[in-house]
Amino acid sequence: MSRPAAWPLLLAAIPLLAAAAPTPRVAFTGSGDPEAALLPLDAEARRLRDRGLALFNTDHVAAGTEGAAAIDGLGPVYNAASCDACHNSGHRARGPIVDGPAPLPLVIQLGTASGTANASPYGAVLNAQALPGVAVEGRATLRFDHLDGRYPDGQPWRLRRPRYPIDAVARARLPAGTVIRPRIAPPVFGMALIEAARLPSPGRFGWQAAVPSLAEQTAIAYAHEMGITSRLRPQPDCGTGDRACLEAANGGVPEVADRDFDAVLALQRSLPVPAEAPLAADAEAAGRALFIDTGCSGCHVVQLPVDGIAGLDTITAWSDLRSHDLGPGLADRDLADRPQPTRFRTAPLWGLAAARAKAPLLLLHDGRAASVEEAILWHGGEASAARAAFEKQTATARALLIRWVEGR
Ligand code: HEC
Ligand code: HEC
């Protein structure tokens with residue numbers, strides 16, 4: 001594909017592109033209206049959603065707390081007491097992501113090079129909080145250094161490169177092959193659309209598109225992040241040999257009643273995708289053309305087909321919801337700091353405009369990128385060509401592409 005040097009040239013190509021890719025129909029409903037729902041809800045569905053909202057937002061408590069049957073069962077080890085503590089009203093996690101103790105919504109998952117889960121003495125997630133009398137599993141610290149480079153036109157750039165030393169672990173050292181998998185809480189709006197996407201394989205949720213369904217992802221969240229059992233996860237994330245955890249009192253079997261579990265699913269399915277903030281018409285068209293021409297839309301696809309939602313054939317999540325290898329720079333690392341090949345789901349770009357309006361951006365799977373420009377410069381591996389095409393643009397064209405992405 002030819003790459004015009006500056007965007008005024010691209011403007012000339014717009015009519016052609018516009019004809020090839022008509023503006024897609026998107027279920028954007030705008031944010032800020034607490035009554036807004038992604039899809040129409042009848043009265044009964046609305047009641048269930050409202051219960052889900054209350055459960056999502058409420059701090060859960062230890063098993064046996066009087067009068068708290070619906071929200072007990074927390075821990076004994078956990079990362080946060082409510083979904084909302086990490087998921088921030090359905091929007092992406094709050095920061096800051098800076099040197100120091102890893103913040104609560106930045107979860108340290110533990111894996112192995114072969115991808116086996118639960119091989120660690122601490123289970124799939126290092127839990128940084130515990131009920132009184134129980135030891136926390138461990139904590140991670142964040143340490144940044146810098147990576148400097150230049151665009152072909154000589155303009156310098158700088159990236160922050162994170163490391164995640166594990167400070168303290170409670171009982172047993174982490175086995176040598178352990179892979180540290182830092183993951184920040186992503187937004188949870190638009191979940192009904194991600195569920196409905198027609199994809200070649202079932203995996204679609206999480207930063208790696210490893211999880212096939214919203215119910216499965218929700219059960220994992222309850223078990224791994226809150227130590228709460230549900231119909232799909234009858235055990236919390238205790239890890240091998242942690243008897244105190246395995247034998248701790250429970251708040252019912254399972255701890256989340258089925259109807260409450262369904263309510264939390266209904267809430268997530270109802271959360272609307274925030275509206276885009278388009279640029280002025282000419283810049284919007286030119287920015288979109290640049291996005292397509294530099295190859296971003298090879299993964300951040302313009303349209304994704306959906307099944308089973310009346311009146312909706314495609315969505316624009318700006319993602320193919322498939323996983324790609326973006327190279328060693330973004331890959332997870334083992335304890336010896338060796339990168340392990342890691343595939344990440346193309347991050348949906350919807351909601352970026354709303355996220356920027358609320359708080360400084362925390363992009364990529366661990367929130368390391370504080371701007372769209374930094375996020376792009378971390379792209380390698382399968383995205384190397386797109387990244388190079390971006391770097392080769394003029395400063396004006398790069399700035400336009402960045403502003404356009406910020407408007408999604
Ligand atoms: C301690 C922080 C934390 C808590 C508490 C938490 N989550 Fe998450 N959530 C995360 C992280 C981190 C991820 C990314 C996990 C991954 O990619 O493996 C995630 C991912 C998700 C996703 C996938 C979104 C997507 O785009 O694929 C959903 C859905 C979700 N969480 C729902 C919930 C629900 C429901 C609760 C409460 C029952 C909850 N989470 C509690 C941190 C948290
Ligand atoms: C080969 C597929 C691929 C191509 C091509 C690609 N991306 Fe991405 N992009 C990804 C993946 C995968 C991630 C998630 C990486 C991670 O989680 O660390 C991502 C993440 C991002 C993010 C961060 C979003 C967030 O919410 O954290 C931005 C912004 C972004 N890409 C913009 C672009 C732009 C602009 C281009 C074109 C210059 C581009 N990407 C090209 C696959 C791709």
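Each ligand, and each atom within it, is numbered from 1 in the order the structure gives.
- Residue-ligand proximity, Gly295 to ligand 2, at heavy-atom distances under 4.0 Å covers atoms 5 (C).
- Using a 30° and 60° split on the angle between ring planes, Phe291 and His300 fall in the tilted class, from 30° to 60°.
- Distance CE/Met191 to OG1/Thr218: 9.5 Å, rounded to 0.5 Å.
- If you check which protein heavy atom lies closest to atom 12 (C) of ligand 1, you get Arg183 O, 3.1 Å.
- Near Ala221, with a cut-off below 4.0 Å to any heavy atom, the atoms of ligand 1 are 33 (C), 34 (C), 36 (C), 39 (C), 40 (N), 41 (C).
- In summary, the atoms of ligand 1 found under 4.0 Å from a heavy atom of Ala185, numbered by their order in the structure, are 10 (C), 11 (C), 12 (C), 42 (C).
- The closest approach between Arg92 and ligand 2 falls below 4.0 Å for a heavy atom of the residue.
- Between Thr346 and Asp320, the side chains place a donor N or O and an acceptor N or O closer than 3.5 Å (distance only, hydrogens not considered).
- Looking at atom 24 (C) of ligand 2, its nearest protein heavy atom turns out to be Ala347 CB, 3.6 Å.
- Which parts of ligand 1 touch Met226 is read off a 4.0 Å heavy-atom cut-off, strictly below it: atoms 37 (C), 38 (C).
- Scanning both residues, Leu55 and Ala263, for their nearest heavy atoms gives CD1-CB, 4.3 Å.
- Applying the 4.0 Å criterion to heavy atoms of Val264 picks out, from ligand 1, the atoms 35 (C).
- In terms of polar-atom proximity, defined here as any N/O pair under 3.5 Å, Thr294 makes no such contact with ligand 2.
- Here the side chains of Leu48 and Leu41 are not in contact, with every heavy-atom distance at 4.5 Å or above.
- Using a 4.0 Å cut-off between a side-chain N of Lys or Arg and a carboxylate O of Asp or Glu, Arg398 and Glu391 do not qualify as a salt bridge.
- To the nearest 0.5 angstrom, Ile180 atom CD1 is 7.0 Å from Ile108 atom CD1.
- Look at Arg408 and Glu284 and you find a salt bridge, because one of the NZ, NE, NH1 or NH2 atoms lies within 4.0 Å of a carboxylate O, short of that distance.
- Near Ala383, with a cut-off below 4.0 Å to any heavy atom, the atoms of ligand 2 are 1 (C), 3 (C), 4 (C), 5 (C).
- For ligand 1, one of its N or O atoms has an N or O atom of His87 under 3.5 Å away.
- Which parts of ligand 1 touch Arg345 is read off a 4.0 Å heavy-atom cut-off, strictly below it: atoms 25 (C), 26 (O), 27 (O).
- For ligand 2, the atoms lying closer than 4.0 Å to a non-hydrogen atom of Leu363 are 25 (C), 26 (O), 27 (O).
- Counting only heavy atoms from C-beta outward, the side chains of Gln208 and Thr342 approach each other to under 4.5 Å.
- Using a 4.0 Å cut-off between charged side-chain N and carboxylate O, Asp262 and Arg231 make a salt bridge.
- If you number the atoms of ligand 1 from 1 as listed, the ones under 4.0 Å from a heavy atom of Asn79 come out as 1 (C).
- In summary, His379 places an N/O/S atom under 2.8 Å from atom 8 (Fe) of ligand 2, meeting the contact criterion.
- Regarding atom 33 (C) of ligand 2, its nearest protein heavy-atom neighbour is His300 NE2, 3.5 Å.
- Of all protein heavy atoms, the one closest to atom 18 (O) of ligand 2 is His365 ND1, 2.7 Å.
- Ligand 1 lies out of reach of Ala81, whose nearest heavy atom is not under 4.0 Å from it.
- Residue Val107 approaches ligand 1 through these ligand atoms, each under 4.0 Å from one of its heavy atoms: 1 (C), 2 (C), 12 (C).
- Taking the side chain as every heavy atom from C-beta outward, Pro175 and Pro121 approach each other to under 4.5 Å.
- Each of Arg183, Arg163, Arg343, Arg338 was scored for a salt bridge (Lys or Arg N to Asp or Glu O under 4.0 Å) with Asp332, with one residue passing: Arg183.
- Atom 27 (O) of ligand 1 has Gly206 N, 2.6 Å as its closest protein atom, hydrogens excluded (heavy atom only).
- Looking only at protein heavy atoms, the nearest one to atom 32 (C) of ligand 1 is Gln268 OE1, 3.3 Å.
- Among the backbone and side-chain atoms of Cys86, no N/O/S atom is found under 2.8 Å from atom 8 (Fe) of ligand 1.
- A distance of 4.5 Å separates CZ in Arg233 from CD1 in Ile220, rounded to the nearest 0.5 Å.
- Remark: ligand 2 atoms within the under-4.0 Å shell around heavy atoms of Leu349 are 22 (C), 24 (C), 28 (C), 29 (C), 30 (C).
- Taking distance alone, with nitrogen or oxygen atoms compared against 3.5 Å, Trp207 approaches ligand 1 more closely than that limit.
- In this structure a side-chain-to-backbone donor-acceptor pair under 3.5 Å is present from Asp99 to Phe144.
- Protein heavy atom closest to atom 34 (C) of ligand 1, with residue, atom name and distance, is Cys83 SG, 3.5 Å.
- In this model, no donor atom of one side chain and acceptor atom of the other lie less than 3.5 Å apart for Trp207 and Gln109.
- Residues Thr294 and Gln393 bring no donor and acceptor atom of their side chains to less than 3.5 Å of each other.
- The proximity of Leu214 to ligand 1, defined as any non-hydrogen pair under 4.0 Å, is limited to the side chain.
- Atom numbering of ligand 2 starts at 1 in the shown order; those under 4.0 Å from a heavy atom of Leu364 are 15 (C), 16 (C), 18 (O), 20 (C), 23 (C), 25 (C), 27 (O).
- When only non-hydrogen protein atoms are considered, atom 5 (C) of ligand 1 lies nearest to Ser82 O, 3.3 Å.
- For ligand 2, none of its N or O atoms has an N or O atom of Val372 under 3.5 Å away.
- Ion pairing of Glu44 with Arg47 is present here, as a side-chain N (NZ or NE/NH1/NH2) and a carboxylate O approach within less than 4.0 Å.
- A distance of 12.0 Å separates CD in Glu373 from CG in Leu363, rounded to the nearest 0.5 Å.
- Within the listing of ligand 2, atoms 1 (C) sit less than 4.0 angstrom from a heavy atom of Glu382.
- The distance criterion of under 3.5 Å between nitrogen or oxygen atoms is not met by Val188 with respect to ligand 1.
- Residue, atom and distance of the protein heavy atom nearest to atom 36 (C) of ligand 2 are Cys296 SG, 2.8 Å.
- Which parts of ligand 1 touch Ile184 is read off a 4.0 Å heavy-atom cut-off, strictly below it: atoms 12 (C).
- Residue-ligand proximity, Ala386 to ligand 2, at heavy-atom distances under 4.0 Å covers atoms 5 (C), 38 (C).
- Looking from atom 28 (C) of ligand 1 to the surrounding protein, the closest heavy atom is Gln217 CG, 3.4 Å.
- To the nearest 0.5 Å, atom CG of residue Leu267 and atom CG of residue Asn57 are 7.5 Å apart.
- With a 4.0 Å cut-off on non-hydrogen atoms, Pro348 does not touch ligand 1 at all.
- Distance check, rounded to the nearest 0.5 Å: CG of Asn79 to CD of Gln129 gives 7.0 Å.
- Distances between N or O atoms of Gln109 and those of ligand 1 include at least one value under 3.5 Å.
- For atom 43 (C) of ligand 2, the candidate residues are Cys299, Pro186, Gly298; the nearest heavy-atom contact is made by Cys299.
- Here the side chain of Ser120 pairs a donor or acceptor atom with the backbone of Tyr122 at under 3.5 angstrom.
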